[in-house]
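Position 1 is the first residue of the sequence, and the numbers go up from there. All values derive from a computational prediction rather than experimental measurement. Below, each value reflects all heavy atoms present in this structure, side chains not excepted, and no hydrogens, waters or symmetry copies.
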Amino acid sequence: MATTDLATVSHNPNDDALRGVLWAPVLLFLTGCFAAFHWSGFRHVDVNWAGYGGMAAILLSAYLVTKGLRIQFVQLFINCWSQNLVVAIAATMLTYAAATVGRPLIDDQLLRADQLIGYDWRAYAGFFAGSDTMVRIVSEFYNSIFYLPNVVILALAIKKDVKTLEKFILAAIISLLLTIGIFALVPATTAWTHLHLSDTEISSFRNLPLSSDGWIDELIRIREGSLRSLRNFQGKGLIAFPSFHCAAALILIWASWNIRWLRIPMTLVNLGMILATPIVGGHYVADLIGGLVITIVSVILAGWLHTWMLRHVAVVRRGAWAMIPAVQRAEPRAEVR
């Protein structure tokens, strides 16, 4: 006769997962961003609450169905995708709140830094503007930030790499906090806005964001205090330095690195995103260097935070396990012949 206690069963890789506990920092981030957005003075913000509510209901229903059917990778995808969406929405609100801080612009310093390393934004923009094909390519690369996270999340869910999924969400939160925090302290626009170039001259380069439209116009009006009512709120990115596009691209490469079939295509597409960032996003090269530093710090901190959270979650789980009567913890006896 042989008995086996559940406490001694073979180790399950999913035991190194935070599971639902990861929603704690995600919802904490959302709450903090919402509070900062409200306190910054924005009013009359048009938000499609019915749309968000409907999406949440659909996601919850799909999660419960897949949980009942025990389709684990779909559960992982829905859970992580939902967390990433909440983080993105929260970060947008925090970005607008940070723009109200009104610190002096550092465009002059960033432009000088670019000049010191030999970067000429006119030459770079002119190179891409000379071909319709190049214009379309850089636009697609830049906009890939909206769907590449979904690809990485799905691939990691299929692989059931829960630990990397959780570190990915933590790295996203940390990188956004760092990026937006730095943006609040040292804001910037673009080289052509700083140099007061006309929209007519800028439009000749194609794909460069106009100073009187889009995120640059919103940032300037928020800083002036003339924009506090957000009708048809689209949540545009307002950050120049450091570049979150660059940080996001590098984090996506890091998260997908252990998936062999995805490693090369993800690296190439995200490098394309980085190359497109000075054009479509209007960034200085110094912004990209800042994004690189943000990535390194965020990945390291995400690993430390994940380990710390696991350790504390394990203590709670062991405490809960100890409270279960021994007779319930014992596995039924099995005869050995």
Side-chain angles (χ1 to χ4, degrees), residues 92 95-96 98-146 179-180 182-227 234-249 271-294:
T92 301
T95 301
Y96 276 72
T100 65
V101 175
R103 295 274 299 171
L105 296 171
I106 62 165
D107 288 271
D108 190 53
Q109 293 90 325
L110 294 177
L111 184 58
R112 289 181 183 178
D114 279 2
Q115 292 169 345
L116 284 175
I117 62 176
Y119 173 70
D120 183 349
W121 69 266
R122 292 176 182 268
Y124 192 72
F127 171 77
F128 288 98
S131 165
D132 290 339
T133 301
M134 294 295 286
V135 169
R136 287 195 297 270
I137 288 175
V138 293
S139 296
E140 290 299 323
F141 274 132
Y142 188 78
N143 293 325
S144 64
I145 193 174
F146 297 111
T179 301
I180 298 172
I182 294 172
F183 161 68
L185 297 175
V186 284
T189 55
T190 66
W192 42 97
T193 303
H194 174 64
L195 296 173
H196 302 290
L197 271 64
S198 68
D199 283 353
T200 302
E201 183 174 357
I202 295 304
S203 60
S204 65
F205 287 99
R206 308 165 71 182
N207 265 347
L208 291 183
L210 301 179
S211 301
S212 63
D213 188 30
W215 72 269
I216 305 175
D217 175 61
E218 282 199 351
L219 175 59
I220 293 173
R221 289 195 290 141
I222 290 172
R223 288 174 54 81
E224 293 173 345
S226 62
L227 181 60
Q234 300 295 322
K236 300 172 183 176
L238 304 176
I239 300 174
F241 177 81
S243 168
F244 182 70
H245 258 78
C246 178
L271 288 178
M273 187 199 302
I274 294 173
L275 292 175
T277 296
I279 306 299
V280 187
H283 284 280
Y284 300 91
V285 168
D287 300 344
L288 307 184
I289 298 173
L292 171 61
V293 175
I294 291 292

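Judged by distance alone, the side chain of Asn207 and the main-chain N or O of Val135 form a donor-acceptor pair under 3.5 Å. No donor-acceptor distance shorter than 3.5 angstrom exists from the side chain of Arg223 to the backbone of Pro104, with no hydrogens or angles considered. Judged by distance alone, with hydrogens and angles left aside, the side-chain atoms of Asp114 form a donor-acceptor pair with the main-chain N or O of Val285 at under 3.5 Å.
Contact between Met273 and Ser144 at its shortest, heavy atoms only, is CE-OG, 3.4 Å. Annotation for Thr190 and Gly282: closest pair CG2-O, 3.3 Å, computed over non-hydrogen atoms. Nearest heavy atom pair, residue Ile180 against residue Ala98, reads CG2-CB, 3.6 Å. The shortest non-hydrogen separation linking Ala99 to Leu219 is CB-CD1, 3.8 Å. Residues Gly281 and Trp215 share a closest heavy-atom pair of O-CZ2, 3.5 Å. Residue Ala240 comes nearest to Phe183 through the heavy atom pair N-CD1, 4.5 Å, listed as atom of the first residue, atom of the second, then distance.
One distance of note links OG1 of Thr133 with CZ of Phe128; it measures 13.0 Å at 0.5 Å rounding. How far OH of Tyr142 is from CD1 of Ile274: 12.5 Å, rounded to the nearest 0.5 Å. Distance check, rounded to the nearest 0.5 Å: CD of Gln109 to CZ of Arg112 gives 7.0 Å. The line from CG of Leu105 to OG1 of Thr193 is 9.5 Å long, rounded to the nearest 0.5 Å. In this structure, Leu288 CG and Leu292 CG are separated by 9.5 Å, a value rounded to the nearest 0.5 Å. Separating the CD1 atom in Ile294 from the SG atom in Cys246 is a distance of 10.0 Å, to the nearest 0.5 Å.
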Apply ring pair (Phe, Tyr, Trp, His ring centres under 6.0 Å) to Phe241 and Tyr284, showing your working. CA-CA 8 Å; Phe241 177 81; Tyr284 300 91; 8.9 Å; no
Please walk me through it: do Tyr96 and Glu218 pass side-chain contact (heavy atoms from CB on, under 4.5 Å)? CA-CA 9 Å; Tyr96 276 72; Glu218 282 199 351; 2.5 Å; yes
Do Leu195 and Leu111 pass the side-chain contact (heavy atoms from CB on, under 4.5 Å) test, and can you show the C-alpha distance, the side-chain angles, and the key distance before you say yes or no? CA-CA 10 Å; Leu195 296 173; Leu111 184 58; 4.0 Å; yes
Trace of the side-chain contact (heavy atoms from CB on, under 4.5 Å) decision for Ile222 with Leu238: CA-CA 10 Å; Ile222 290 172; Leu238 304 176; 3.9 Å; yes
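Heavy-atom neighbours of Arg221 CZ from other residues, nucleotides or ligands within 6.0 Å: above the threshold of 12.
Using a 4.5 Å heavy-atom cutoff, the side chains of Phe141 and Ile279 are not in contact. In this structure, the side chains of Ile239 and His245 stay at 4.5 Å or more apart for every pair of heavy atoms. At least one side-chain heavy atom of Leu208 sits less than 4.5 Å from a side-chain heavy atom of Trp121. Side-chain contact between Met134 and Arg206 is absent, with no heavy-atom pair separated by less than 4.5 Å.
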